[in-house]
4 protein chains.
Amino acid sequence: MLDVGIVGASGYTGVELVRILATHPQVRLTVATSRQYAGKTIAEVFPSLNKRIDLCLENHSVDELISRADFFFAAVPHKTAMDIVPQLLAAGKKVVDLSADYRLHDQAVYEKWYQPHSSPELLAEAVYGLPELYREDIRRARLVANPGCYPTSVILALGPLLRAGFLEPTSIIIDSKSGTSGAGRAASAANLYCEVADSFKAYKVGGTHRHIPEIEQELSLAAKHDVRVSFTPHLLPLSRGILSTIYATLSEAGNNADLHKLYNDIYASEPFVRVLPAGQQPATQHVRGSNCCDIALERDHRTGRIIITSAIDNIGKGASGQAVQNMNVMNGFAEETGLMGAAFFP
Amino acid sequence: MLDVGIVGASGYTGVELVRILATHPQVRLTVATSRQYAGKTIAEVFPSLNKRIDLCLENHSVDELISRADFFFAAVPHKTAMDIVPQLLAAGKKVVDLSADYRLHDQAVYEKWYQPHSSPELLAEAVYGLPELYREDIRRARLVANPGCYPTSVILALGPLLRAGFLEPTSIIIDSKSGTSGAGRAASAANLYCEVADSFKAYKVGGTHRHIPEIEQELSLAAKHDVRVSFTPHLLPLSRGILSTIYATLSEAGNNADLHKLYNDIYASEPFVRVLPAGQQPATQHVRGSNCCDIALERDHRTGRIIITSAIDNIGKGASGQAVQNMNVMNGFAEETGLMGAAFFP
Amino acid sequence: MLDVGIVGASGYTGVELVRILATHPQVRLTVATSRQYAGKTIAEVFPSLNKRIDLCLENHSVDELISRADFFFAAVPHKTAMDIVPQLLAAGKKVVDLSADYRLHDQAVYEKWYQPHSSPELLAEAVYGLPELYREDIRRARLVANPGCYPTSVILALGPLLRAGFLEPTSIIIDSKSGTSGAGRAASAANLYCEVADSFKAYKVGGTHRHIPEIEQELSLAAKHDVRVSFTPHLLPLSRGILSTIYATLSEAGNNADLHKLYNDIYASEPFVRVLPAGQQPATQHVRGSNCCDIALERDHRTGRIIITSAIDNIGKGASGQAVQNMNVMNGFAEETGLMGAAFFP
Amino acid sequence: MLDVGIVGASGYTGVELVRILATHPQVRLTVATSRQYAGKTIAEVFPSLNKRIDLCLENHSVDELISRADFFFAAVPHKTAMDIVPQLLAAGKKVVDLSADYRLHDQAVYEKWYQPHSSPELLAEAVYGLPELYREDIRRARLVANPGCYPTSVILALGPLLRAGFLEPTSIIIDSKSGTSGAGRAASAANLYCEVADSFKAYKVGGTHRHIPEIEQELSLAAKHDVRVSFTPHLLPLSRGILSTIYATLSEAGNNADLHKLYNDIYASEPFVRVLPAGQQPATQHVRGSNCCDIALERDHRTGRIIITSAIDNIGKGASGQAVQNMNVMNGFAEETGLMGAAFFP
């Protein structure tokens, strides 16, 4: 049994980690921190976990916690993560960091989109935690930077086409839509039920969302040249789910290729990526609560474009599910352990 | 491994059975029938189950199917169930029937609220499938009548008070609210998204819902005298979830009793019934997708009434989750096998 | 043209007043206050009102505003209202107060459920603003106390039966369900989209909600004796709408009466109260955005109870719509002016 | 008073016409047809209109109805409209047709995307009913083809840029999202509450939606050269609302222009088109139930693209609101009569 700690267990990604780990057969959750709810049991704060986990939330420093677990999830906001992760590593622990702090390889890019980095020396070591791309590196990693939710939906969808050289490099437009849990659990007027329900809108329009450098880093690595994208996020009246609709112009090689075969070959043995048959479209409902990413490809013969759609649960494959997948890989567990539950329907 | 068949696998309760059984370690799903989708794989009809189960839906007669499984769920409407269950039993199979056909012990009552019964001789044998009440009978049963969704939420909530003799017998009023999945998956104008979303209403007002005789049968058995209730169901703009708010006048004995202790004692060792601490109220969100029933008790000192609230997932503890729980008991499996997943939040 | 001011224009009831008044042909909105958004135009804060009203939100004291309007709505929380209303009256203005501060006739009752009252001398003068009951008093009033949302749905539904003496006095149970806009627009974790959507629960169970004394005051006046009720509010995953399901035991006289005729006679000429034909149930969708209250009556012959259901929009007839109706009556305008818009469907 | 008839009054666009006309001061609704509900009053079928309109739905032939109104709305599906409109015109009536049958000027294009046209001689006469573009033609028209919902959101958003020659002609990508009322009121399993709620997906991906030729016709007229677009519709878990997110590459002239000024100048005097200030994004909530179209412009300096977002109510400005606007123009009424109601919030 692996003793696991969660730093930041009372946010939406934190409680999802708790939920998944509660039925994971090779893990024991021994530490869960929360500033806001310290002293309360998890079941008091999250009644859904009543009779499923018996643990008290704490607000101790990393120093005090560090001996009580062998493996840690950092589920705190960026900037806060930078203050914790180096300590955990220094004490010999392995870490999956769910924040953005170690996702970008280039310190200058990080500092342009976020703020100064206090442990830039770790950027080279940190592995980008998308197991479908970097499984072997993750297996050997001490520090895995868990991908952002939007980037996960985009990179899994576009990677195969870019690696194959099938796209016009400047043609990529990504129109993404996310449920509101991505905004977190802090009190807010903008995210009140009455402001989100019965509505739909775009936000951070014009190339300003912080997931852009992360998307471009990984797409550029796939394409082996610089890729720049247009990316527009939207807010769905849903708690969970991301659907990305991606437009790109096919190169001549792409136009002549069997794209479904390409994707089916690449993802055939992946338990969490599902390439849909022609004519079927992913829906957020079919991945909700799961660690799956569903992908569809359609050509628009009138314009020579391809439209790739991909759906994930932003808290599942887009955060906590993927974090547990990474933990499994880092610890030699079967990769799908604890993650094979399907979305319930309806 | 137990080979299991589902008759009626493409309705909402059918697909939930498939989902639960897909990760059940002691069961192999070998047969799943559907008139509408025969010939398609489950994954084609329910993309959420893609890469999770590999089985084709069929439309064969019971005769043709019967040898291919040892245990059957009948997940078809009442009246249709009566045509299938006797055949399955005659072939030596054990059955959990999710319809209303074998829930009422009294043929006359059944025929008053439903229609003529074609196998009334089975009514005496069938066990009412609420494991928290009838666990030992279920263990020995060939035929278990899985309870209705509303009745499950009511009987677990009121049973302890009635068994203890703590209520004025004519005082019970049950105001229940259900998500719309209870209405099933048939094409319908009344259940279109646009007709249900953004709305809330009562239906079958005035003591006309068919779950009333089932509720009264079990409450009367608990009270050891006839109990008659007012019951009003409502339609929530939700897919899943039932919340029942139950009002009753406490007898003098009830007024002096420690009711939280009563409930805590009765349900302490039950994995699926959770009595909430004073001041906390159940919410459908905390049981969604799970097999749990959350119960709270509050006294109204101004009126001498007690208000009991209980929440279940109408497809979980209210149908398919409970059906699997019954299957576990009938087959000597650990009762909670496959059912310990908690509701995800949010 | 009547010059009208709104104190507290940026809450949910405030902006609904603005919306209704924007098309009211006999009114000019000249003052609208907001502490939080002072200096912004209404259209900046509420884009729905762009090109519909051109007015700036201000944060001036009542002294500074008072000369700029002849009629005021106080749309601020209770306790804050007490600080403003006496000033407005002293300056000779007429006022509709949407808070609870002047609804209860008995100072002791107010102070038991709320806090000390700073202008108790006005309680005797204030008219309870339910035009269907107190139209003539409202016509002559300087100060109208606009009813609470739950009480409006209950009093219109129960009043005729109580006035006729058709109910057993201790038998009344009110199970009410409200959309979440009733909780207001303040930043809050409990009312985030993710906490309210996909869920349903009761709150303030056990006779503790502050609308109880208001309901009992008006029901007692109708019955001409003290009435005590059980009242349980619930939170719906909706922005707008209240449905109250009310249970009571009919007296012998009630049992023999034609109740539909009773209600139809009383409400026939009311433009905003609609008695539904037998068999039809009110739905919040059909009153959303309107000033209507829909009422249905069904007997439960098995238990001798009557079940009355009533639906309103909690911000419409439950707050701002009713407030404008009161303003119309107080100023001699046709009562339905500006309020005849029907709920859109779907 | 203009006597008005609605052919097809019981669909979602039909009932919205009824709702708007019920408070229109210059119109009397004298005929409303429905095959399904003939013989029932409008209030029986749509309880929201109880005490607001007193009219019976009928199922008479056009011959029988034609003398009872001077002006007709055809709110029936395409193909059915072709059978009715010529008769109405032949009898000297003016018509707004809400179907697609007279929107396309080119018979061949119509027949490629729909089916053979039975009255192609009317295509040249029919005026495309977007008053912001064709107000003078509409004023003189006998037959107005009311635009599709998606096209309305796109043409108002893109028209100014194309007329100014500010876009690269092959660069336009339109990612549109619509509420589910667009799918109509027919019984359907795919549009059940449980299938649409909690989900989001694309449909008709790859350039196959029938609104494409309509969009391209109008954009080509604006640009004065052929425009071909990528268009992907999505289904939102909302009853009402369309948001289109439109991407295009700016030409050099476009890059140097003040685009906000361009839009503000064009739409300044339009009562129903609102250009948002920089930094504000349209939301479907702010136009719901209204006849407004909200438009925002943002440049993406990293890619040289412009992103235009526009929001309408698909039943309001996208159908019935616009149809009444056309009726107003055709009859010399003030264009905004009956249409100035703002969306309620929340």
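Computed over heavy atoms, backbone and side chain alike; hydrogens, waters and symmetry mates excluded. Proteins get letters first, then strands, A, B, ... in listed order; numbering begins at 1 in each. In this text, all values refer to a predicted model and were calculated from it rather than measured experimentally.
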Sequence-distant partners of D:Tyr37, ring pair (Phe, Tyr, Trp, His ring centres under 6.0 Å), two or more places apart: none
Proximity of residues 43-53 of chain C to chain D, residues having a non-hydrogen atom under 4.5 angstrom: C:Ala43, C:Glu44, C:Phe46, C:Pro47, C:Ser48, C:Leu49, C:Asn50, C:Lys51, C:Arg52
Engaged part of D:Ser290 at the chain C interface, taking heavy atoms whose separation is under 4.5 Å: neither
Segment of D:Gln280 engaging chain C (4.5 angstrom heavy-atom cut-off): side chain
Contacts with chain D made by residues 178-188 of chain C (heavy-atom distance under 4.5 Å), listed by residue number: C:Ser181, C:Arg185
Interface moiety of C:Ala343 toward chain D, non-hydrogen atoms closer than 4.5 Å: both
Aromatic ring pairing D:Tyr12/C:Phe345, orientation class (parallel under 30°, perpendicular over 60°, tilted between): perpendicular
Exceeds 12 heavy-atom contacts within 6.0 angstrom, atom CD of C:Gln36: no
Which atoms of C:Val15 approach chain D - backbone, side chain, both or neither, heavy atom under 4.5 Å: side chain
Heavy-atom contact with chain C under 4.5 Å, split by part of D:Ile20: neither
Residues of residues 263-279 of chain D contacting chain C, heavy-atom criterion under 4.5 Å, by residue number: D:Tyr267, D:Ala268, D:Glu270, D:Pro271, D:Phe272, D:Val273, D:Arg274, D:Leu276
Greatest number of heavy atom pairs closer than 4.5 Å to chain D - which of C:Ala342, C:Ser239, C:Pro346, C:Gly289: C:Pro346
Point-to-point distance, once rounded to the nearest 0.5 Å, from CD1 of C:Ile315 to CZ of D:Phe344: 9.0 Å
